[in-house]
Engineer: 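The structure's right below; bear with me while I get my questions together.
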Amino acid sequence: MPQSTDLISSIQDQFVDIIEVYANYFVKLSAKNHSPKNITVAVFKANIENLEKFKIKELKKLNDKDIEKKFNPTSINYISRSLDVPRETIRRNILTLVDNSELIRSDEGLFVSEKWIKKNIDKIISEVIDLIDKSNDLTKKIDRKS
């Protein structure tokens, strides 16, 4: 696991960019699917788009108030378009996610919650590391064949 620890350290400065790439990829794969994970990742993607860089450990320390201050709000319409799912379907799902404290809904818009971040960010980071490792393996295989 030391390699993963080194990798986490090396991606600290590019964390927002890497998560944005991951979320873009995930949302594109999730088109026409309105599962709670797909909706929350789409909200997270919108929340972190074009943010200034921050570190993974900073993300884990954010509370709901900080999230609303630092993240970009998004709308039901944006999530509906992102996932190519009818607005009303997304709206109903978001009501449930807000009731379960997975999302925050304010006058500004929608945000992932502190609860969602604490529950999901380690898994997302692990998936990103797996993607990077697989990409490195593929690059090595291609280089050997060249």
Side-chain angles (χ1 to χ4, degrees), residues 1-64 66-87 89-94 96-105 109-146:
M1 204 65 164
Q3 182 182 8
S4 293
T5 306
D6 293 341
L7 189 54
I8 289 174
S9 297
S10 72
I11 66 172
Q12 285 283 350
D13 291 332
Q14 298 125 8
F15 177 67
V16 172
D17 297 330
I18 290 168
I19 293 296
E20 208 172 319
V21 167
Y22 164 86
N24 278 331
Y25 179 71
F26 185 85
V27 167
K28 285 183 175 144
L29 286 177
S30 304
K32 301 198 183 288
N33 188 332
H34 59 87
S35 75
K37 181 178 181 181
N38 297 354
I39 293 171
T40 55
V41 170
V43 170
F44 184 56
K45 173 193 170 297
N47 289 163
I48 65 169
E49 245 171 7
N50 304 316
L51 279 186
E52 294 297 316
K53 296 184 184 323
F54 57 88
K55 303 217 182 276
I56 296 167
K57 62 185 175 189
E58 293 171 9
L59 179 66
K60 292 181 178 183
K61 292 179 183 177
L62 294 176
N63 61 38
D64 288 343
D66 292 333
I67 289 167
E68 288 184 64
K69 287 179 192 170
K70 295 181 181 199
F71 282 11
N72 299 313
T74 192
S75 68
I76 292 172
N77 289 335
Y78 180 84
I79 301 307
S80 171
R81 286 190 310 271
S82 295
L83 296 175
D84 195 20
V85 174
R87 183 189 186 287
T89 302
I90 296 298
R91 187 194 67 76
R92 282 192 311 271
N93 282 277
I94 283 175
T96 302
L97 290 164
V98 169
D99 287 345
N100 293 338
S101 301
E102 298 286 321
L103 294 179
I104 303 165
R105 189 172 188 180
L110 297 168
F111 302 88
V112 292
S113 68
E114 169 187 0
K115 176 184 172 184
W116 183 87
I117 289 172
K118 286 186 166 100
K119 186 169 121 183
N120 291 284
I121 200 63
D122 287 332
K123 184 171 180 6
I124 289 172
I125 291 166
S126 175
E127 290 173 1
V128 166
I129 289 170
D130 286 346
L131 283 171
I132 292 169
D133 286 343
K134 285 179 173 70
S135 171
N136 288 338
D137 291 345
L138 182 60
T139 301
K140 287 175 188 172
K141 285 179 185 177
I142 291 169
D143 288 345
R144 274 185 262 152
K145 289 185 179 187
S146 298

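Nothing fancy with the numbering, it's 1 onward along the sequence.
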Engineer: Once side-chain contact (heavy atoms from CB on, under 4.5 Å) is applied, do any residues pair with Asn93, and if so which ones, sequence neighbours excluded?
Structural biologist: His34, Ile39, Thr89

Engineer: For Lys118, which residues count as a side chain to side chain donor-acceptor pair (under 3.5 Å) partner, sequence neighbours excluded?
Structural biologist: Glu114

Engineer: Sorted by first residue and then second, give each ring pair (Phe, Tyr, Trp, His ring centres under 6.0 Å) pair with at least one member in residues 113-132; sequence neighbours left out.
Structural biologist: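 Residue pairs with at least one partner in residues 113-132: Phe44-Trp116.
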
Engineer: Could I get the full list of side chain to side chain donor-acceptor pair (under 3.5 Å) partners for Arg105, not counting sequence neighbours?
Structural biologist: none

Engineer: With sequence neighbours excluded, what pairs up with Arg81 under the side chain to side chain donor-acceptor pair (under 3.5 Å) test?
Structural biologist: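 Arg81: no side chain to side chain donor-acceptor pair (under 3.5 Å) contacts found.
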
Engineer: For Lys123, give me all partners under side chain to side chain donor-acceptor pair (under 3.5 Å), at least two apart in sequence or on another chain.
Structural biologist: Glu127

Engineer: Got a sec, which pairs hit salt bridge (charged side-chain N to carboxylate O under 4.0 Å, His left out) with one end in residues 134-144, sequence neighbours left out?
Structural biologist: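 Sorted result for residues 134-144: empty, none.
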
Engineer: So, using salt bridge (charged side-chain N to carboxylate O under 4.0 Å, His left out) as the criterion, who are the partners of Asp66 when residues are at least two apart?
Structural biologist: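 Counting only residues at least two positions away or on another chain, Asp66 forms no salt bridge (charged side-chain N to carboxylate O under 4.0 Å, His left out).
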
Engineer: Taking only residues two or more places apart in sequence or in another chain, which ones pass salt bridge (charged side-chain N to carboxylate O under 4.0 Å, His left out) with Arg91?
Structural biologist: Glu88

Engineer: Of all residues at least two apart in sequence or in a different chain, which pass the side-chain contact (heavy atoms from CB on, under 4.5 Å) check with Asn100?
Structural biologist: Thr96, Glu102

Engineer: Output every pair passing ring pair (Phe, Tyr, Trp, His ring centres under 6.0 Å) with a member in residues 127-146, not counting sequence neighbours, ordered by first then second residue.
Structural biologist: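 Every pair satisfying ring pair (Phe, Tyr, Trp, His ring centres under 6.0 Å) with a residue in residues 127-146: there are none.
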
Engineer: With sequence neighbours excluded, what pairs up with Leu138 under the side-chain contact (heavy atoms from CB on, under 4.5 Å) test?
Structural biologist: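 Once residues adjacent in sequence are excluded, the partners of Leu138 under the side-chain contact (heavy atoms from CB on, under 4.5 Å) criterion are Ile142.
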
